[in-house]
Chemist: 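Let me begin by handing over the structure; questions about it come next.
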Amino acid sequence: MKKSTLRNVISGIGAGISLMLSPSAMADIDKAETFDYKVDRFADIQVLRYKVPGFEQLSLDQKLLIYYLTEAALSGRDIVWDQYGKYNLAIRDLMENVYLAAREQDGKSADFKALEKYLKQIEFGNGIHHHYSMDKFTPEFSRAYFDGMVKALPADKRPANLTTLEEVIFNPAVMAKRVNQADGQDLIATSAANIYEGVTQAEVEAYYAALRDTTDLTPISLGLNSKIVKRDGKVVEEVYRQGGLYDAAITRIIDNLAKAEKYAENDRQQQVIQSLIDFYRTGDLKKFDEYSILWVGDTASRVDFINGFIESYGDPLGMTGTWESIVNFKNLEASHRTEAISDSAQWFEDHSPVDPRFRKPHVKGVTAKVITAAILAGDAYPATPIGINLPNANWIRAAHGSKSVTLENITQAYDEASHGDGFNEEFVIDAPTAQLMNKYLFITDNLHTDLHECLGHASGRLLPGVDENALGAYGSTLEETRADLFALYYLADPKLLELGLLDNPDAYKAEYYKYMLNGLMTQLMRIEPGKDIEEAHMRNRALIAYWVLDHGKADRVVELIKRDGKTYVQINDYTALRGLFAKLLAEIQRIKSEGDFAAGRTLVETYGVKVDQELHKEVLDRYSHLDIAPYKGFVNPVYQLKKDNNGNIIDVTIDYTEDYIPQMLRYSREYSTLPR
Ligand code: ZN
């Protein structure tokens, strides 16, 4: 629940980058012309590559630590594919085999092009559903063409359950949605995610209710690492662990973690890796909490990583974590920015515009840093978050704090790739606003992420006795709303100038304008005509933007105006806008602190779900002339061990030249682990 995903990818703004970037990052930007960020473009997707500035300067031990952690990361690839859908791995094998054969024989026809597009889509979605909308992809090649290609495959490459797989691929009614969040339906029956099998939502809820001990002050994260199935009429958990579900992939992860451990930077980090191995061996969630506590306390190491069952967006009930890994190292210079923010965490908490009863008297260790991602894997690949705040367990966050990171080499790649895409000219109301955004959006966007992650999620407290799951299916959206509002409110605070993070009292207006433009209009480019907004972060942005539009109507704080038949966002009073953000933050915090489900549901359903059909049509039309992909993701660099003549490892090299489909096909060859 603690990720900010893709928030700035649709900004499409050429940003002023002079401020706050480290000298090394500046040098990289100077060389930007020689680095081609764009890798592939298909359907609604742009695939980019990212740089790993500073990797070459790390010590050999740090490079080897990263190398084995990246191997551990790639070893889990099959897990997330299987979690996302029961037939995903079999379909991936089949599609890759058919694609290779068809490319050989054909490579040109409309059917082949459609087949290639479909393969690119499922590789991006880690399965047959869209990573963001959760809708199943629609193949545009004919079933007859596909049948012909499958029949021509050698016998050992033709699956025994071909009819079933074809039904899953071609029948739009089968497994239509990976995660369904629609109010009032059986969320398990209507979701294709492979986290439950043969059980109803009511049975699963009863199962967890019986296990939950509400008096336990240090509860494990129930269901985090298991699939729930029915066996002999009984509801049972199949645990992800060595010797259990996903044994082969987990064993390979463990092997690589054990190799990485030899290069740990210090004892603490060694313990972190050992305790993670322990968890994978046993599947014991108590051990996962031990690991999380060690991990959050490791703030001295330069290299860091996430590897495990972390975020629960992939589960319609929000219990089970989908597998992911990100390996990274600290960007020492840029981290001064987040350190300045987290050093003042208590000040921000004490001055937040919420009822003092809901504030934390003591904000515990929010450690924040800017990192350079070295590999993205599992649920974090190819689409990836730009900020992460972990661990997710509330009691650990309260007692031991949390680690918050901003992935600046990723935001930099988004920013570089968006230069000159025409977005500003089409959607921003006037030249002065566009200029302000050019100058200040990159830094204010990064600061927004920092504030959201370091302070927003960490702020506030529940009243005694309030269940942390009280907001149910609306919990994720309301939590993101809370963190965004906290960030928006403080972005305009003189405190940021005082801390030396901004040099212009008007800089915040760049982010305010973009946020309102995105929430009211431009994020709609990701929604298909006629559909509702479903994803938690998008609902949160619509909720905030439409609530302030509505509540500022009488004073004309923000307006949607028409000019030459086009709609524009006009902000008339930035100070009043900040006041509205404060007011809404106070209400959202109250809802969270009191567990007011009814009020939370009303807010989300009123402002965050429904789409103005006419405006939606206009936005899609204006976007169609720009050719900006609604979604972006990344290929990884390739790391290789370099040995001398005696076989001793003397370096780890990094290479950026691998393309999208070659990377996917190589991963399938080298990191396929699970039985089909
Ligand atoms: Zn968040």
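The figures that follow rest on heavy atoms only: side chains count, while hydrogens, waters and symmetry mates do not. Each ligand, and each atom within it, is numbered from 1 in the order the structure gives. All figures in this text were calculated on a predicted structure; none of them were measured in a lab. The chain is numbered in sequence order, starting from 1.
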Chemist: Regarding Tyr132 and Arg526, do their side chains bring together a donor and an acceptor under 3.5 Å, going by distance alone?
Modeler: yes

Chemist: Using only heavy-atom distances, determine whether the side chains of Thr372 and Asn409 contain a donor-acceptor pair under 3.5 Å.
Modeler: no

Chemist: For N/O/S atoms only: which one belongs to Glu480 and is nearest the Zn ion (ligand 1)?
Modeler: OE1

Chemist: So which N/O/S atom does His452 have closest to the Zn ion (ligand 1)?
Modeler: NE2

Chemist: Looking only at side chains, do Asn540 and Asp484 share a donor and an acceptor under 3.5 Å apart?
Modeler: yes

Chemist: Report the atom name of the nearest N/O/S atom of His457 relative to the Zn ion (ligand 1).
Modeler: NE2

Chemist: Take atom NZ in Lys583; do more than 12 heavy atoms of anything else shown fall under 6.0 Å from it?
Modeler: no

